[in-house]
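Working notes, structure below.
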Amino acid sequence: VSFIYAKQEQDEKINAISDDSLGNRIVILLRKRGLTQKELAEKTKISEVTLSRYIHGDRQPRANNIANIANVLQTTTDYLLGGENQNDLN
């Protein structure tokens with residue numbers, strides 16, 4: 001039961017993130033790729049706390065971290081930064 005509440009709370013936090021934000025785009029791609037934030041953090045060598053701050057808009061990533069995130073999520077830095085739609089990538 002507590003898992004259900006935790007999932008609902010997580011979904012509410014995700015919905016609170018702006019649709020075109022870097023954080024929302026990361027979350028969308030994590031779901032599409034079947035990855036967790038922890039896995040993305042490990043693959044990009046970015047701490048989980050820092051990655052969470054990027055997702056929630058509390059911190060802006062450096063260019064090299066954006067490039068690493070894009071690489072792992074199989075997208076472009078332009079998409080992550082809001083410059084193109086995911087449909088443009090297909």
Side-chain angles (χ1 to χ4, degrees):
V1 175
S2 63
F3 173 76
I4 294 170
Y5 291 120
K7 175 80 171 108
Q8 288 173 342
E9 187 175 299
Q10 180 184 18
D11 288 346
E12 288 171 8
K13 286 180 182 179
I14 290 168
N15 290 337
I17 300 171
S18 168
D19 286 343
D20 286 337
S21 71
L22 169 70
N24 190 57
R25 289 174 179 235
I26 291 172
V27 169
I28 289 167
L29 289 169
L30 283 172
R31 287 181 177 171
K32 260 188 164 172
R33 306 291 183 244
L35 294 171
T36 65
Q37 285 185 32
K38 182 177 182 171
E39 290 169 328
L40 179 60
E42 290 170 356
K43 291 178 183 220
T44 58
K45 300 189 182 354
I46 299 169
S47 76
E48 286 181 69
V49 171
T50 298
L51 185 59
S52 177
R53 289 179 178 154
Y54 295 163
I55 290 171
H56 289 94
D58 297 331
R59 188 169 176 184
Q60 291 298 312
R62 294 180 184 168
N64 64 320
N65 286 341
I66 294 172
N68 289 338
I69 292 167
N71 185 46
V72 171
L73 295 177
Q74 302 170 0
T75 191
T76 66
T77 55
D78 282 346
Y79 171 73
L80 288 179
L81 297 171
E84 61 187 26
N85 292 322
Q86 188 65 26
N87 292 335
D88 295 342
L89 302 177
N90 296 331

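What you are looking at is a predicted structure, and each value in this text was computed from that prediction instead of being measured.
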Once side-chain contact (heavy atoms from CB on, under 4.5 Å) is applied, do any residues pair with Lys38, and if so which ones, sequence neighbours excluded?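 Expected list: Thr36, Glu42, Glu48.
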Using side-chain contact (heavy atoms from CB on, under 4.5 Å) as the criterion, list what pairs up with Asn71, not counting sequence neighbours.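 side-chain contact (heavy atoms from CB on, under 4.5 Å) check on Asn71 returns nothing, list empty.
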Report the distance from atom [atom1] of [X] to atom [atom2] of [Y], rounding to the nearest 0.5 Å.
X	Y	atom1	atom2	answer
Leu29	Ile69	CG	CD1	10.5 Å
Arg33	Leu73	CZ	CG	7.0 Å
Arg25	Thr75	CZ	OG1	8.5 Å
Leu81	Ser21	CG	OG	11.0 Å
Asp20	Asn24	CG	CG	8.0 Å

Which residues satisfy the side-chain hydrogen bond (donor to acceptor under 3.5 Å, both in side chains) test with Thr77, sequence neighbours excluded?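 For Thr77, no residue satisfies side-chain hydrogen bond (donor to acceptor under 3.5 Å, both in side chains) once neighbours in sequence are set aside.
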Taking side-chain hydrogen bond (donor to acceptor under 3.5 Å, both in side chains) as the definition, give me every residue that meets it alongside Asp78, ordered by chain and number, with sequence neighbours left out.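 For Asp78 there are no side-chain hydrogen bond (donor to acceptor under 3.5 Å, both in side chains) partners, ignoring immediate neighbours.
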Grab the two heavy atoms, one from Ser47 and one from Ala41, that are nearest each other, plus how far apart they are.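 So the two residues come closest at C-CB, 4.1 Å.
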Considering all heavy atoms of both residues, which atom of Leu51 and which atom of Ile46 are nearest to each other, and what is their separation?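 Smallest heavy-atom distance, with atoms named: N-CG2, 3.9 Å.
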May I ask you to test the Leu22-Ile26 pair for a side-chain heavy-atom distance under 4.5 Å?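 The answer is yes; the side chains approach within 4.5 Å.
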If you look only at distance, which donor and acceptor atoms sit under 3.5 Å apart when one is on a side chain in residues 57-66 and the other is two or more places apart or in another chain?
unit_1: Asn65; atom_1: ND2; unit_2: Tyr54; atom_2: OH; d: 3.0

